[in-house]
Amino acid sequence: MALDRPRRRLELPDGVVTLVLGFQGRLRLTDVGEYDGAAAGRAGVQAGASFTSLVSAVRSRATIGEHSGILHGMEVLLAPWAAYTLLGVDMHEWADSILDPAELVGRRVDDLAGALAALPSWNRRFELLDATLAQWSAAGPPCSARVVWAWGELSRTGESTNLDRGGAWACQRLSRRSGPDTPRARPDRRGTR
């Protein structure tokens, strides 16, 4: 994006994990409450934190995003369970946060952003991005099929469904994290498994 002036916009919670692979320019982010002068002290983003690349967990509040007018890179939107597999970090460990990817997974995101920026075409960039994400996914920890199913149900129904069909654990698991899951089968109210 190359504008002739700085840009400010409101980023609303959207239920996904966002990975920004920055090539040029910095993005300054501030939680809305901090932008308006409300008390801080919550997990999130430090007022006015600036990023070239970033990773944003699923957010429960809005953020103001600002840049100088020049910003180049790629943005990847991930379901929380897919982010767990790609990044290998439980969602509850960084819920509601926006971080420099190096804080979460080391230099691999910065290395990928640099390699993407160096390529001469968008086709080549997307080929490298697809191959790298497939490699990270194959090497990452598997996510529970139950979590994937529950997330699919919530997405399909607009987040209004009875997850007890898949087990009473579902709401608790999704609110805590998208990660590995090996729950023990528990009898339901009728005493069956």
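Since we're looking at a predicted model, the values are computed, not measured. Sequence positions, counted from 1, serve as the residue numbers for this chain. Hydrogens, waters and symmetry mates are skipped; everything else that's a heavy atom, side chains included, is used.
- Here the CD-CG distance, from Glu93 to Leu87, works out to 11.5 Å after rounding to the nearest 0.5 Å.
- At a threshold of 4.5 Å between non-hydrogen side-chain atoms, the residues Trp136 and Val105 do not count as touching.
- Grouping the Ile, Leu, Val, Met, Phe, Trp and Tyr side chains by contacts below 4.5 angstrom, directly or via other members, places Leu77 apart from Phe51.
- Cation-pi check for Arg146 over Trp149 is not met; the charged atom does not lie both under 6.0 angstrom from the ring centroid and within 45 degrees of its normal.
- For Cys143 against Trp81, the heavy-atom pair with the smallest separation is SG-CB, 3.3 Å.
- Ser56 and Trp94 make their closest contact through C-CZ3, 3.6 Å (heavy atoms, listed as atom of the first residue, atom of the second, distance).
- Scored by the side chain to side chain contact (heavy atoms under 4.5 Å, CB included) test, Gln135 finds no partners at all (sequence neighbours excluded).
- At least one side-chain heavy atom of Leu133 sits less than 4.5 Å from a side-chain heavy atom of Val76.
- Although no hydrogens or angles enter the test, the distance criterion places a donor-acceptor pair under 3.5 Å between the side chain of Thr85 and the main chain of Pro141.
- Scanning for salt bridge (charged side-chain N to carboxylate O under 4.0 Å, His left out) contacts around Asp111 gives Arg107, with sequence neighbours left out.
- When all heavy atoms are compared, the tightest approach of Arg125 to Leu116 is NE-O, 2.8 Å.
- In this structure, CE on Met74 lies 11.5 Å from OG on Ser53, to the nearest 0.5 angstrom.
- Here the CD1 atom belonging to Ile98 is positioned 6.5 Å from the CG atom belonging to Asp31, to the nearest 0.5 angstrom.
- In terms of heavy-atom proximity, Val89 sits nearest to Tyr84 at O-CD1, 3.6 Å.
- Thr132 meets the side-chain hydrogen bond (donor to acceptor under 3.5 Å, both in side chains) test with no other residue; sequence neighbours excluded.
- The two residues Ile64 and Leu10 have their closest heavy-atom pair at CD1-CD1, 3.9 Å.
- Using a 4.5 Å heavy-atom cutoff, the side chains of Asp100 and Val109 are not in contact.
- Shortest non-hydrogen contact noted between Ala115 and Leu128 is CB-CD2, 3.8 Å.
- Annotation: side chain to side chain contact (heavy atoms under 4.5 Å, CB included) contacts of Ser60 (sequence neighbours excluded): Asp96.
- The distance from the CG atom of Leu104 to the CG atom of Leu99 is 6.0 Å, given to the nearest 0.5 Å.
- Within 6.0 Å of CZ on Arg108 lie more than 12 heavy atoms contributed by other residues, nucleotides or ligands.
- One distance of note links CG of Leu54 with CG of Leu27; it measures 6.0 Å at 0.5 Å rounding.
- Applying the salt bridge (Lys or Arg N to Asp or Glu O under 4.0 Å) rule to pairs touching residues 129-140 yields nothing, sequence neighbours excluded.
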Pair up each side-chain donor or acceptor in residues 11-24 with any protein partner under 3.5 Å, not counting sequence neighbours, and list the distances.
| unit_1 | atom_1 | unit_2 | atom_2 | d |
| --- | --- | --- | --- | --- |
| Glu11 | OE2 | Arg9 | NE | 2.6 |
| Glu11 | OE2 | Arg9 | NH2 | 3.1 |
| Asp14 | OD1 | Val16 | N | 3.3 |

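- No side-chain donor-acceptor contact under 3.5 Å links Asp90 to the backbone of His92.
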